[in-house]
Amino acid sequence: MKHKLVFVFLLLGALVWSAPALAQDEEIVLDFYYPAAVSGPLQEAFERYAASFTEMHPNVSINVVFTGSYGQTRETVRTEIEGGGAGPDVAVMLSVDLYSFIEDGTIISAQQYIDLLEDPQDFVDDFFPAFMLNSVDAEGNVWTLPFQRSTPILYYNKEHFAEVGLDPEQPPRNLDELIEFAELLTNDERDGIQIPLAGDFPSWLFQSFAIAHGQNLVSHDPTEAFLNTEATKASLAAIQELGDRGVMPVGGSAWGDTPTNFIAGAASMIYHTTGSLTFIRNNATFEFGTGFLPSGPPNEDGEGYGAPTGGGNVYIFDNGTHSEAELQAAWEWAVHLASADIQADWTTTTGYIATRPSAWESEALQNLVAEWPQYTTAPAQLQYADKEIATYRSIDVQVMINTVLSDIISGNESDPDLALEIYQEQIDSLLEPYRGE
Amino acid sequence: MTVVSPAAEPRRGKPWLQRALPYLLVAPTLIFITMFTLRPAVQALWDSAHSRPRANQPFAYVGSQNYEDLFNERHFIGRQYVKILHNTLVFTGGTLVVSLPLALLLAMLLNRKIRALGLWRFCVFYPVLLPMIGGATIWAFLFSDSIGLLNTILRSFNLGTVPWLLDPDTVLPSVIAVNIWKQTGYFMLFYLAGLQGIPRDIYEAAELDGAGLFRQFWNLTLPLLRRTTLFLLIIGVTFGFQTVEQLEVMGRGNPANRSNMLLYYIFQLRNEKLNTGHVAAMTVILALILLIFTSSNFFLFERGRHDEKA
């Protein structure tokens, strides 16, 4: 009797011990983390993409995990890995977090997989170049794939335009026209223009001014930020003038209020992200148009348009515990998410800009554009778009840039020139240890 | 002849469990205090004296550099910190200056026999019951620039609108107003209890002596509520320095940190993983300020008790 029991236990033990060995034949589960910055049936969409991926790769299943906001997702991933966990295999995170994770050493570059493709250049070229600027490092290595990207555009109320005798099909082309139009449009009931520069994140829309004035706040070099420049000062002066002339609330408007004000008719023109297009489309009770952000002084090419990009990219994680097969599967899943079909579907689901021109040729997006031509503004404006603020110590640098811009724009800095100088110094001292590698 | 202390005698025979029992009973608390109070406190002290040039490099000892930076006009954190310290003081002072007299006034009004007394008391106390984050969200809507209730009312009287939470000059008063709304009811409760603890015959005696209402208030009520007022001042200051929730929904310290306060600023910087040394230095300073107030609470009331006995 006793012997029998021992035998049974041994048998059970053998089974348990051998189970992983049996399953080792390529049964892979990928943990995929995603944040939400827009509303919509996101989980349902990702489950669909996961199902279609598993159809193509029967041995791989995707565990789709919603991880809160972008900030929470970043902290979740970092905490897990710092605490000795494996972290996710793939995650969507802000494109500007790139250097933080490069420094942590917890992500792997997509370049090593791109190099194995038949035509690596062809793969990279099918993304909008502006979106790739936040995917590559200073040496041109691709780390992440653009996934849910956006850019700010101009929205304007066509009825207000017609009311004051402006051509409803012609948004302002440059800052002079912006002021001229806004002066006509402003009355007791509404502001001519609202730009969400109030709040803790003025840098994003400020960048469109800086790029239009010829010098973005950052370059391809992640150890540089250009805060104390002529372009910055000219941009601040332009913003100041909008406030002084009474066509824009002094200091700008709040981010969340701005689209609401637009649909309520309290603002005739606004700068806002393409991410708000679906909201505005669904809620505006009037005809509205979209246009490029007005240009600054003309560049050599005769244009002075400018806008930053924003949004999230697909990151592949490895803290040394992931197997080669898992990494390969993670890469395939990243490519799947960045594919034209999924990008087209994601655009119709969320309003983000599909990240590759081929996605815009798909039937889904052709139909969308036929009904709502406003969706074409953003991809067309991308040719003038530039990199979003991503450097080493990106979060710290962003906080500094946003703090000083917020101080100056809101009129709380008695000596703007000195402040720019101080903050530039501080940023340089923060980035100095990273230079000359 | 040896004298055996009577207390020691029965103790010798006690089983070990009985002797260990007190220690076992305080152990859980002690463990948690060590883990969540003492260890972080020591960590903060250590952090505040260290800094690192790159996120993946080891920390180096920097002495009092982090503390000096906080008060250095040419350091980006120093440029904000002094402003935020000032905001916190104005916020705390502003709240107390208005809400304490208001709480006392309401307590006196609600300490008499009037109709629907319970309803009135409930109305004044109701904001205390609302979670701060919920209350602040309602206020954020009332203050909202173009669709907010306050501006809608102003507009209907053709008075021109005020960008309450966006204008650097109105944002702090707006946040203070919400805090007054939230805390007055709470303070009132203490005053009400204090008032009910005052014997009526004192007033009757005063009346007989010909003291008017104001004199009664000034020479009787106010001095007799001295202890309550002192207590409320101290917890009021403590609350003020711990303000976080309403800032999160009422503009996150914007514009330009003009409504930002110490604890929330620490939270923001820590959350963004900005230089842990500066954050730790700010934490140490905040902890010291709070320590001074809470310990003064302890000492003042201890002394008060001795006075009474004497």
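So you know, we letter chains A, B, ... as the sequences are listed, proteins then strands, and number each from 1.
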Chain B contact via A:Ser100 - side chain, backbone, both or neither, heavy atoms under 4.5 Å: neither
For A:Ile270 against A:Pro259, the heavy-atom pair lying closest together: CD1-CA, 4.0 Å
Contacting moiety of A:Asp407, where chain B heavy atoms sit under 4.5 Å: both
Lys/Arg cation over aromatic A:Tyr392: A:Arg435, 6.0 Å, 45° cone: no
Region of A:Ala198 that comes under 4.5 Å of a non-hydrogen atom in chain B: side chain
Heavy atoms of other groups near A:Asp188 CG, more than 12 under 6.0 Å: no
Residue part contacting chain B, namely of A:Glu189, when any heavy atom lies under 4.5 Å: neither
Atom group of B:Glu73 that falls short of 4.5 Å from chain A, counting heavy atoms: backbone
A:Tyr156 ring center near A:Phe262 ring center (under 6.0 Å): no
Selection from B:Pro168, B:Pro163, B:Gly251 maximising heavy-atom pairs under 4.5 Å formed with chain A: B:Pro168
For the student: nearest non-hydrogen atoms of A:Leu236 and A:Leu405, plus distance: CD2-CD2, 4.3 Å
Neighbour count >12 (heavy atoms, 6.0 Å) for atom CZ, B:Phe293: no
Which atoms of A:Leu418 approach chain B - backbone, side chain, both or neither, heavy atom under 4.5 Å: side chain
Heavy atoms of other groups near B:Phe241 CZ, more than 12 under 6.0 Å: yes
Closest non-hydrogen atom pair, A:Ser253 against A:Thr258: OG-OG1, 2.9 Å
Chain B contact via A:Glu425 - which portion, at a heavy-atom distance below 4.5 Å: side chain
Part of A:Gln426 within contact of chain B (heavy atom distance under 4.5 Å): side chain
Under 4.5 Å from any heavy atom of chain A - which part of B:Arg258: side chain
Contact class of A:Glu413 relative to chain B, heavy atoms under 4.5 angstrom: side chain
